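Notes to accompany the following structure.
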2 protein chains.
Amino acid sequence: MALAENADDLQGTEKVFSFFREQLLAGALKLGDRLLSERELALSLGVSRPVLREALRSLAMLGFLDIRHGKGAYVRAADISVLTDFFTFSLAQQPDILDDVMQARIAIECQAIRLACERAGDSDFSRIGSHLSRLMETLDDPEAGGEADFTFHVSIVEAGRSPALITLYQAVSELLRRSHVERRQLTVKVPGIRDYLVDAHREVFLSIVARDPDAAEKRLREHFAIGDEFRRKSFIAAYSKAASQPKD
Amino acid sequence: MALAENADDLQGTEKVFSFFREQLLAGALKLGDRLLSERELALSLGVSRPVLREALRSLAMLGFLDIRHGKGAYVRAADISVLTDFFTFSLAQQPDILDDVMQARIAIECQAIRLACERAGDSDFSRIGSHLSRLMETLDDPEAGGEADFTFHVSIVEAGRSPALITLYQAVSELLRRSHVERRQLTVKVPGIRDYLVDAHREVFLSIVARDPDAAEKRLREHFAIGDEFRRKSFIAAYSKAASQPKD
DNA sequence: CCCTTCCAGTGGTATGACCACTTTCAACCA
DNA sequence: TGGTTGAAAGTGGTCATACCACTGGAAGGG
């Protein structure tokens, strides 16, 4: 009979996916394990080899399999680089999602900084500190400055020592890195921006060192809010200038 | 000659991917556009249909294509829902990460509840409220109670109206749903738990209605912390009882 | 005019064959 | 005896062809 051939009444591709989900959750497949050959797997799952290959390819694209020609397919720890590819594509399609991704960034950082206040060690402090120094040295260079700003925030998230938060942060980081630089280019000419940047970041840093979660989160939120404010001001300035000097 | 057949000297699958990357970034393929049929595409790209299908499947899994049986493949705006698949597989690989995922949950909810205070409308209020009522009705049933607890928190996140946060929450929620029920089963017998659950959730709800972000986040964090506390107590109780009454 | 039926086009699956790469090991030569 | 070589087996990579299942519209009948 055509139905209930193996165990699932699922058809085709979905059968393969559910098989892997089960195997992984049950622990039958561990990291580094080698899968059966495509021919054996297709036979045992009751699907054709092309169908099986479509599923394996998809899993490989998500980063869960490492398929090597002539050797076989191996279970791999999913790596985040897929997600950065994904976000890059999606940004090309709808640039307006960046604002919303910012909400995710704020969420992650605010929780991570609380954890950092509890968990960070001296090595974390010195790492964050060095990025802060770097940030102060590059105030006049939008590109290097944006990069330093970005790595400063990354080091805070890392100091939280939560794999889940770090993973999520990395997933959106490719977008954030670019936006850091763009923002710097926008706001570099706003009066008082240099002093503000130094003070804001230093206060955030000091709150972590003081191991005061409430203060740290509060400072960080203020930092984000004021950053928004500066960006609005720079837009206003740009448009005002455009009105009096229509061409560049 | 075998090489330089079309334009790229790439072979097979990679040729298909690079083709789509170019088409998408160049704007030749817009949202909602219908792709050529698999047979035509395969012919025009100089690859076989199975190979083309592997690539299309992978793109569909990443959310960039919507393939419909009998109709064709359409270019789709990739939403962030791929993250759900990603995290499902991801955590299947390392089940011990579940405690850490809780940090992600806290991060998302605390930011979402702040947004909810600004953005939520009457419909959101009534939805959250109804889930709160449901929660109060199911205090004695660990399963239904855990489910109600879960949906209450979901409705808060939805009220924040941030697609990125909602998606991330969905991604980790499949794990959390199970843990909600398990926790209820653990803590259902702890003295005072019923009153606490009602009060804590009601206060969180009222803070949202009052549109007070700081209070709402504070209550929510307390809720999480006290939940931890209750769980610890129940463990202590269970082990103490086990010492005096070794069986069951 | 509406409903039914059929058909062409599409994705979904299956089969079998062949190619390219990797590893192994046995045969061969020094 | 020891080292080198190359043949064979097993793997993923690709291809061609055929057929099935679903969709939608056109042609036919009521």
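Quick note on labels: first sequence line is chain A, next is B, and so on, each numbered from 1. Quick caveat: nothing in here was measured; it's all calculated off a predicted structure.
- Put simply, CG on D66(B) is 12 Å from C1' on dG11(C), counting in whole angstrom units.
- Rounded to an integer number of Å, the gap from L36(B) CG to dT10(C) P is 9 Å.
- Between the side chains of R105(A) and Q111(B), no donor N or O sits under 3.5 Å from an acceptor N or O.
- Salt bridge E158(B)/R127(B): present, at least one basic N to carboxylate O contact under 4.0 Å.
- Under the 6.0 Å cut-off for aromatic ring centres, H153(B) and H201(B) qualify, their centroids lying closer than that.
- In this structure, K15(A) places its NZ atom 10 Å from P of dT13(C), rounding to the nearest Å.
- In this entry the distance linking CG of L56(A) with P of dT14(D) reads 13 Å, nearest Å.
- Within the 4.0 Å cut-off from OP1 or OP2 of dG11(C), not a single side-chain nitrogen or oxygen of K71(B) is found.
- In this structure, Y74(A) atom OH and dT22(C) atom P are separated by 12 Å, rounded to whole Å.
- Scanning all heavy atoms of the two residues, the minimum distance from R119(B) to R211(B) falls at N-NH1, 4.4 Å.
- A donor-acceptor pair shorter than 3.5 Å can be found between the side chains of E109(A) and Y169(A).
- Taking side-chain N and O atoms only, R53(A) has no distance below 4.0 Å to OP1 or OP2 of dG12(D).
- Put simply, R68(A) has no side-chain N or O that comes within less than 4.0 Å of OP1 or OP2 on dC21(C).
- As a whole-Å value, the separation of L41(B) CG from dG12(C) P is 13 Å.
- A donor-acceptor contact closer than 3.5 angstrom links the side chains of S37(B) and E40(B).
- Atom-to-atom, CG of L45(A) to C1' of dT13(C) comes out at 15 Å; the value is rounded to the nearest Å.
- With distances taken from any side-chain atom of V51(A) to the nucleotides dG12(C), dT13(C), dG12(D), the minimum falls on dT13(C).
- Note: CG (L52(A)) to P (dA14(C)) measures 10 Å, nearest angstrom.
- Of the residues near DNA chain C, H69(B) and H69(A), the one whose nearest nucleotide (by heavy atom distance) lies more toward the 5' end is H69(B).
- With hydrogens and angles left out, the side-chain atoms of R114(B) and Q103(A) include no donor and acceptor closer than 3.5 Å.
- Nearest-nucleotide mapping onto DNA chain C: of R57(B) and R34(B), the residue sitting toward the 5' end is R34(B).
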Can you tabulate the close N/O pairs, meaning under 3.5 Å, that link protein atoms to atoms of nucleotides 15-17 of chain C?
residue, atom, partner, partner atom, Å
dA17(C), N6, R49(A), NH1, 3.3

